[in-house]
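Inspection log for the structure reproduced underneath, given as structure tokens.
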Amino acid sequence: MYTIIESTFALALQKVFLIFWSVFSFTFLCSCKSDTKSIIIAASELHEIIKDDTALRANEVTMSENQQWTYYLPKPTENQIIRHDYYVLSYNEKAEQADWVAYELKKEYLKDQDFKRPYFIEDPKVITHSADWRNFKKSGYDKGHLCPAGDMEFDLKAYSDTFYTSNISPQLHEFNSGIWNRLEQKVRFWAAKYDGVIVFTGGVLKNTSKTIGNEKVVVPNYFYKIIFKNQKGNYKMIAFLMPSVKSNRALYEYVVSVDSIEKMTGIDFFPNLEDTLENSLEKNTDFKSWIFN
């Protein structure tokens, strides 16, 4: 693992090289041949370089004081990686929602400020525009938070940022206010018990054809949540997969392996972990090390 300084310096050098190479390639190609085809080729190569640089920045590990946890983010896909102050998401334009949202829930974040709930608005950081909240109107589905507003009540801006439509997914009310809410409360319990955890969550966007609204927001049949803890090299992980229906079952009955969620979603969750450790953690379904009472 690179140190913070090494990572920042290496990325800066990469960006300088990419800018230099893009200017050189474009100038050289255009000077060799002045015909339209050469210019098109030069522009195409310039586009590819810029695209590669965009991907590099999307995969950049943000190592600020509040975001060192982002080292554990899932492997980037072709989707947009959107970074807010206290959570990160991968926006899936086709599904008009995030296919994963990740955030750190520190023990000191657990506060009840009773902030006034703002209106849901489009996420200004999503280049292709996140779905309009009106897609949910009279749809029969809640605007289900992925990064819960209740986990961000330590700061007004952090709380307000959870009301972007990039951070919601269609959920049946009985599910959203029922077992999903119970799981969110359990995560807060673990954050207090284990001095903070990292959370990955989202809907399973594959193998579902139901949509709502004019923008055809996909309605997931299942939702997942992965809770991860690294305490001085001692790793623990637990994952849940829940059908989006009303349920009174115990939470531990929904414990699954991370491997099974990866197969359903196509997402590679912990690519930066050492392979042996990653394989061991991701196939595990033992929940005994997590206190449920």
Is there side-chain contact between [X] and [Y], with at least one heavy-atom pair below 4.5 Å?
{"X": "T208", "Y": "V218", "value": "yes"}
{"X": "I226", "Y": "I261", "value": "yes"}
{"X": "F163", "Y": "H145", "value": "yes"}
{"X": "T201", "Y": "F223", "value": "no"}
{"X": "V217", "Y": "T211", "value": "no"}
{"X": "V219", "Y": "I212", "value": "yes"}
{"X": "V255", "Y": "L241", "value": "no"}

Minimum heavy-atom separation for [X] and [Y], please, with both atom names.
{"X": "F136", "Y": "S169", "value": "CE2-C, 3.9 Å"}
{"X": "S244", "Y": "P220", "value": "CB-O, 4.0 Å"}
{"X": "P243", "Y": "Y254", "value": "CD-CE2, 3.6 Å"}
{"X": "P74", "Y": "I267", "value": "CB-CG2, 3.8 Å"}
{"X": "Y159", "Y": "E153", "value": "CD1-CG, 3.7 Å"}
{"X": "V101", "Y": "C147", "value": "CG1-CB, 3.8 Å"}

Would you sort out whether L281 and V258 count as a side-chain contact (heavy atoms from CB on, under 4.5 Å), showing the intermediate values?
CA-CA 8 Å; L281 288 170; V258 173; over 6 Å; no

Pair listing, salt bridge (Lys or Arg N to Asp or Glu O under 4.0 Å) test, anchored in residues 251-275, at least two apart
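Qualifying pairs, neighbours excluded: R249-E253.
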
What pairs meet the salt bridge (Lys or Arg N to Asp or Glu O under 4.0 Å) rule with one or both residues in residues 197-219, with sequence neighbours excluded?
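As it turns out, there is no salt bridge (Lys or Arg N to Asp or Glu O under 4.0 Å) pair with a partner in residues 197-219 once direct neighbours are skipped.
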
Any sub-3.5 Å donor-acceptor pair from [X]'s side-chain atoms to [Y]'s backbone N or O?
{"X": "K193", "Y": "R188", "value": "no"}
{"X": "S280", "Y": "T276", "value": "no"}
{"X": "Q97", "Y": "A95", "value": "yes"}

Evaluate salt bridge (charged side-chain N to carboxylate O under 4.0 Å, His left out) for D286 paired with K288, printing each intermediate quantity in order.
CA-CA 6 Å; D286 185 5; K288 294 178 181 177; 5.2 Å; no

Rounded to the nearest 0.5 Å, what separates atom [atom1] in [X] from atom [atom2] in [Y]?
{"X": "T70", "Y": "R83", "atom1": "OG1", "atom2": "CZ", "value": "5.5 Å"}
{"X": "I168", "Y": "E96", "atom1": "CD1", "atom2": "CD", "value": "11.0 Å"}
{"X": "E78", "Y": "S90", "atom1": "CD", "atom2": "OG", "value": "9.5 Å"}
{"X": "N167", "Y": "L89", "atom1": "CG", "atom2": "CG", "value": "7.0 Å"}

hydrophobic_cluster_shared for [Y] and [X], side chain cutoff 4.5 Å:
{"X": "M152", "Y": "I121", "value": "yes"}
{"X": "I238", "Y": "I179", "value": "yes"}
{"X": "V199", "Y": "L146", "value": "yes"}
{"X": "L251", "Y": "I291", "value": "yes"}
{"X": "F189", "Y": "Y252", "value": "yes"}

Between V88 and Y103, is a side-chain contact (heavy atoms from CB on, under 4.5 Å) present by the stated rule, with each step listed?
CA-CA 6 Å; V88 181; Y103 63 99; over 6 Å; no

Please walk me through it: do L183 and K225 pass side-chain contact (heavy atoms from CB on, under 4.5 Å)?
CA-CA 9 Å; L183 180 56; K225 199 177 291 288; 3.9 Å; yes

Holding to side-chain contact (heavy atoms from CB on, under 4.5 Å), I want the full list of residues that pass it with S260, two or more places apart in sequence or in another chain.
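Residues passing side-chain contact (heavy atoms from CB on, under 4.5 Å) with S260: V256, S257.
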
Pairing residues for N176 by the side-chain contact (heavy atoms from CB on, under 4.5 Å) criterion, not counting sequence neighbours:
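With neighbours one apart ignored, the set is D142, Q171, W180.
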
Give me the ring orientation class for F270 and F228: parallel if the planes are under 30° apart, tilted from 30 to 60°, perpendicular past 60°.
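Tilted: the ring planes of F270 and F228 meet at 30° to 60°.
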
Run the ring pair (Phe, Tyr, Trp, His ring centres under 6.0 Å) test against W290 and tell me which residues pass, sequence neighbours left out.
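W290 satisfies ring pair (Phe, Tyr, Trp, His ring centres under 6.0 Å) with W190, Y194 only.
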
What pairs with F154 under ring pair (Phe, Tyr, Trp, His ring centres under 6.0 Å), at least two apart in sequence or on another chain?
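Testing F154 for ring pair (Phe, Tyr, Trp, His ring centres under 6.0 Å), a comparison that skips the adjacent residues, returns Y86, Y109.
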
Proximity of F240 and Y224 rings by center, below 6.0 Å
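No, ring centres 6.0 Å or more apart.
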
Is it true that H173 and Y141 have ring centroids separated by less than 6.0 Å?
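Ring centres of Y141 and H173 not closer than 6.0 Å.
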
State, without any angle test, whether [X] and [Y] hold a side-chain donor-acceptor pair at a distance under 3.5 Å.
{"X": "D123", "Y": "H84", "answer": "yes"}
{"X": "Q80", "Y": "T128", "answer": "yes"}
{"X": "N214", "Y": "N135", "answer": "no"}
{"X": "Y87", "Y": "T162", "answer": "no"}

Step by step, work out the side-chain contact (heavy atoms from CB on, under 4.5 Å) result for I198 and I227.
CA-CA 6 Å; I198 301 172; I227 298 90; over 6 Å; no

Is there a ring pair (Phe, Tyr, Trp, His ring centres under 6.0 Å) between F287 and F292 once you walk through the steps?
CA-CA 9 Å; F287 54 82; F292 274 82; 5.6 Å; yes

For the pair K157 and D155, find out whether any cationic side-chain nitrogen is under 4.0 Å from an anionic carboxylate oxygen.
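The answer is no: the pair does not qualify as a salt bridge.
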
